[in-house]
Structures are given as C-alpha cells and as structure tokens.
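Everything on this sheet refers to the single structure shown next.
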Amino acid sequence: QVSLVESGGGLVQAGGSLRLSCAASGRTFSGYSIGWLRQAPRKEREFVAAINWTGASTSYADSVKGRFTISRQYAKNTVYLQMNNLKPEDTAVYYCAAARSAAHTMGVVGNDYWGQGTQVTVSA
C-alpha cells in the first residue's frame, strides 16, 4: 500500500523556522516528482514546491522563493521542506504529493498520491 506521511508541522512565531518531512513507502518513486502544496482556511489549495526524482530540478512558488528549500534523501525515501522566515500568511495545512511529472509542471491537480497533511501555524 502506497503512503505519504507528513510530519514536522506545528506552531511557530513569525520569523521562525520549521522543517516538514514527507516519508514515502509502499512502492518505488523512481520517475516521480514529490511536491508540497498547502491550503489555508477559506482558500484554494496552492502549489508550494516540488523536486524531481533525481533531485536535480526544483520548483518553487514565488511566495516562498528564498525562504523555503525542498530536498530529497533517497536512503530514507523522504522529502523535506525547510521553511525559514515564516510569515503569518504561511499558515495552512501542508500536504505532500507525488506525480509522474517534471517538478516545474507539478500542481494541485493530476497528482497520483497524497498525504494526509500537517498543520503549520505562524503567529504574528
């Protein structure tokens, strides 16, 4: 059974940092990009960042460029999202997803697998 499990969410003050983890299991994700998406209350789900299978290609939403970094650790089949200089507007449920696509084309639709999400709350 394929699963993506997120962890690392929590409550942090503005300017602080968090590192989210997405642990993948149940199949090989060779050829898959893994991405992070988020959904804030009363808002549409939006793309945050993605990384391709080799780790050579990454993509970021403009709103997080320079603050968030996505990386991949193959030995643990895990993808990380390092979030620095967090802002209240980053508050959302963060989901990881997997798709057979390039990192720069990954979005909120067309993903093959989804995690359950982890809450990130940034206080002012």
Side-chain angles (χ1 to χ4, degrees):
Q1 183 174 351
V2 175
S3 71
L4 299 174
V5 179
E6 304 96 334
S7 62
L11 172 64
V12 64
Q13 288 187 330
S17 299
L18 283 174
R19 189 177 78 157
L20 304 184
S21 299
C22 172
S25 64
R27 64 157 296 151
T28 176
F29 283 90
S30 174
Y32 280 76
S33 290
I34 304 290
W36 289 93
L37 303 98
R38 67 186 181 185
Q39 188 163 18
R42 299 174 297 281
K43 290 190 176 182
E44 302 268 329
R45 191 169 294 188
E46 64 177 0
F47 170 80
V48 176
I51 187 167
N52 75 339
W53 167 245
T54 67
S57 176
T58 58
S59 179
Y60 295 92
D62 288 342
S63 59
V64 306
K65 280 181 182 176
R67 300 189 298 123
F68 291 11
T69 303
I70 191 169
S71 60
R72 193 161 190 163
Q73 187 171 15
Y74 295 95
K76 295 185 177 181
N77 216 17
T78 299
V79 170
Y80 302 99
L81 185 68
Q82 178 67 43
M83 306 186 295
N84 298 327
N85 190 22
L86 282 160
K87 304 175 181 180
E89 51 264 44
D90 294 317
T91 294
V93 177
Y94 283 70
Y95 300 89
C96 76
R100 287 192 66 87
S101 67
H104 70 275
T105 63
M106 196 167 180
V108 298
V109 297
N111 298 307
D112 298 284
Y113 305 103
W114 286 89
Q116 293 299 307
T118 185
Q119 176 71 46
V120 171
T121 303
V122 184
S123 62

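- The two residues N111 and M106 have their closest heavy-atom pair at OD1-CE, 3.4 Å.
- Within the 4.5 Å cutoff, side-chain heavy atoms of D112 are placed close to those of R100.
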Let me check something: any side-chain donor-acceptor pairs from residues 89-97 under 3.5 Å, sequence neighbours excluded? List them with distances.
{"unit_1": "D90", "atom_1": "OD1", "unit_2": "R38", "atom_2": "NH1", "d": "2.9"}
{"unit_1": "D90", "atom_1": "OD1", "unit_2": "R67", "atom_2": "NH2", "d": "3.0"}
{"unit_1": "D90", "atom_1": "OD2", "unit_2": "R67", "atom_2": "NH1", "d": "2.8"}
{"unit_1": "D90", "atom_1": "OD2", "unit_2": "R67", "atom_2": "NH2", "d": "3.4"}
{"unit_1": "D90", "atom_1": "OD2", "unit_2": "K87", "atom_2": "N", "d": "2.8"}
{"unit_1": "T91", "atom_1": "OG1", "unit_2": "P88", "atom_2": "O", "d": "2.9"}
{"unit_1": "T91", "atom_1": "OG1", "unit_2": "V122", "atom_2": "N", "d": "2.9"}
{"unit_1": "T91", "atom_1": "OG1", "unit_2": "V122", "atom_2": "O", "d": "3.4"}
{"unit_1": "Y94", "atom_1": "OH", "unit_2": "R38", "atom_2": "NH1", "d": "2.9"}
{"unit_1": "Y94", "atom_1": "OH", "unit_2": "D90", "atom_2": "O", "d": "2.7"}

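- Taken from CG in L81 to CD1 in I70, the straight-line distance is 6.0 Å, to the nearest 0.5 Å.
- Take R45 and apply the side chain to side chain donor-acceptor pair (under 3.5 Å) test, not counting sequence neighbours, and it matches Q39.
- Residue A103 comes nearest to A50 through the heavy atom pair O-CB, 3.6 Å, listed as atom of the first residue, atom of the second, then distance.
- K65 pairs by the salt bridge (Lys or Arg N to Asp or Glu O under 4.0 Å) definition with D62, not counting sequence neighbours.
- Listed here is the closest heavy atom pair of S17 and Q82: CB-NE2, 3.9 Å.
- By the side-chain contact (heavy atoms from CB on, under 4.5 Å) test, A24 pairs with L4, F29, N77, sequence neighbours left out.
- Within the model, atoms CE of M83 and OG1 of T69 stand 11.0 Å from one another, a figure rounded to the nearest 0.5 Å.
- Interatomic distance, S21 OG to Q73 CD, rounded to the nearest 0.5 Å: 9.0 Å.
- Under 3.5 Å, the side chains of S33 and N52 contain no donor-acceptor pair of N or O atoms.
- Residues L20 and Y113 fall within the same hydrophobic cluster, defined by Ile, Leu, Val, Met, Phe, Trp and Tyr side chains chained together at heavy-atom separations under 4.5 Å.
- Of all the heavy atoms in G55 and Y74, the pair that sits closest is N-OH, 3.1 Å.
- When the side chain to side chain donor-acceptor pair (under 3.5 Å) test is applied to S7, no partner is found at least two apart in sequence or on another chain.
- Contact detail for C22 and I34: the closest heavy-atom pair is SG-CG2, 4.4 Å.
- Cluster annotation: V64 and V12 are assigned to the same hydrophobic cluster (Ile/Leu/Val/Met/Phe/Trp/Tyr, side-chain heavy-atom contacts under 4.5 Å, transitive).
- No continuous path of hydrophobic side-chain contacts links L37 to L18 [ILVMFWY only; heavy atoms under 4.5 Å].
- In this structure, the side-chain contact (heavy atoms from CB on, under 4.5 Å) partners of S71, at least two apart in sequence or on a different chain, are Y80.
- Looking only at side-chain heavy atoms (C-beta outward), W36 and F68 stay at 4.5 Å or farther from each other.
- Few gaps surround CD on Q119; more than 12 heavy atoms of other groups in view lie less than 6.0 Å from it.
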